[in-house]
Amino acid sequence: MIHYPHPHNEQHHNDNINHWWAYETNRYLQDRLRNLVIRVNWNKRIICRIHLSNNDLEIHKHRFDTFIKQLENIEKQLKTIAVQYNEQRMNKLKTIFTKIRNYEN
């Protein structure tokens, strides 16, 4: 005998899959964000201890441009799934990254 799922049960199953996908994607993006913040902090500690030449400063700015692009990409994806997205937090991180990029700290 073949069992055909009730349409209501199928919708419930699809909802569960969508919630699971959003949770897993959010967890992955939060891990990426955490790792990015760790890398930025590590780079900040290094540059605060030494005097940068003009060439070093260009490399530093390019590196932080990449970090800022990664942050914007993560932000866009977090906004899309709409789970634990905090616009204020993301704006604060962008400001901090930009200050470090501009060698203001």
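Atoms considered below: every heavy atom in the structure, side chains included; atoms not considered: hydrogens, waters and symmetry mates.
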Transitive ILVMFWY side-chain link W20 to L78, under 4.5 Å = yes
Donor-acceptor pair, side chain of N26 and main chain of A22, under 3.5 angstrom | no
Audit row: R32, L29, side-chain contact (heavy atoms from CB on, under 4.5 Å) steps and yes/no | CA-CA 5 Å; R32 279 186 56 203; L29 292 170; 3.9 Å; yes
Kindly write out the residues that satisfy side-chain hydrogen bond (donor to acceptor under 3.5 Å, both in side chains) with T95, not counting sequence neighbours, or none if the list is empty.
-> none
Do I47 and I100 come close enough that some side-chain heavy atom pair is under 4.5 Å?
-> yes
K92 NZ to N86 CG distance, which is reported to the nearest 0.5 Å | 10.5 Å
Considering residues, nucleotides and ligands other than E58, do more than 12 of their heavy atoms fall under 6.0 Å from its CD?
-> no
Quick one: list whatever passes side-chain hydrogen bond (donor to acceptor under 3.5 Å, both in side chains) with E24, sequence neighbours left out.
-> R27
Report the residues that fulfil ring pair (Phe, Tyr, Trp, His ring centres under 6.0 Å) with F64, sequence neighbours left out, ordered by chain and then residue number.
-> H60, F67
Roughly how far, to the nearest 0.5 Å, is OG1 of T80 from CD of Q77?
-> 7.0 Å
Give the intermediate values and the outcome of side-chain contact (heavy atoms from CB on, under 4.5 Å) for residues L93 and L36.
-> CA-CA 10 Å; L93 285 172; L36 183 61; over 6 Å; no
Look up atom CG in D65 and atom CD1 in I68, then write down how far apart they are to the nearest 0.5 Å.
-> 6.0 Å
If you round to the nearest 0.5 Å, how far is CZ of R101 from NE2 of H62?
-> 11.0 Å
With R45, which residues qualify under salt bridge (charged side-chain N to carboxylate O under 4.0 Å, His left out), at least two apart?
-> none
For K94, what residues pass the side-chain hydrogen bond (donor to acceptor under 3.5 Å, both in side chains) criterion, not counting sequence neighbours?
-> E75
Answer yes or no: are there more than 12 heavy-atom neighbours, outside N54 itself, under 6.0 Å from its atom CG?
-> no
Given the rule that I, L, V, M, F, W and Y join up when any side-chain heavy atoms are under 4.5 Å apart, are L57 and V40 in one cluster?
-> yes
Are the side chain of N102 and the backbone N or O of T98 linked by a donor-acceptor pair below 3.5 Å?
-> yes
May I have the step-by-step check of side-chain contact (heavy atoms from CB on, under 4.5 Å) for Y23 and I81, ending in yes or no?
-> CA-CA 9 Å; Y23 171 79; I81 62 170; over 6 Å; no
Side chains of L33 and Q70: does their closest heavy-atom pair fall under 4.5 Å?
-> no
Hydrophobic cluster membership, Y28 vs I74, 4.5 Å side-chain cutoff = yes
When you look at K44 and R49, which way does the side-chain contact (heavy atoms from CB on, under 4.5 Å) test go after all the steps?
-> CA-CA 9 Å; K44 178 186 173 193; R49 293 180 182 171; over 6 Å; no
Please identify each residue that fulfils salt bridge (charged side-chain N to carboxylate O under 4.0 Å, His left out) with K61, with sequence neighbours left out.
-> none
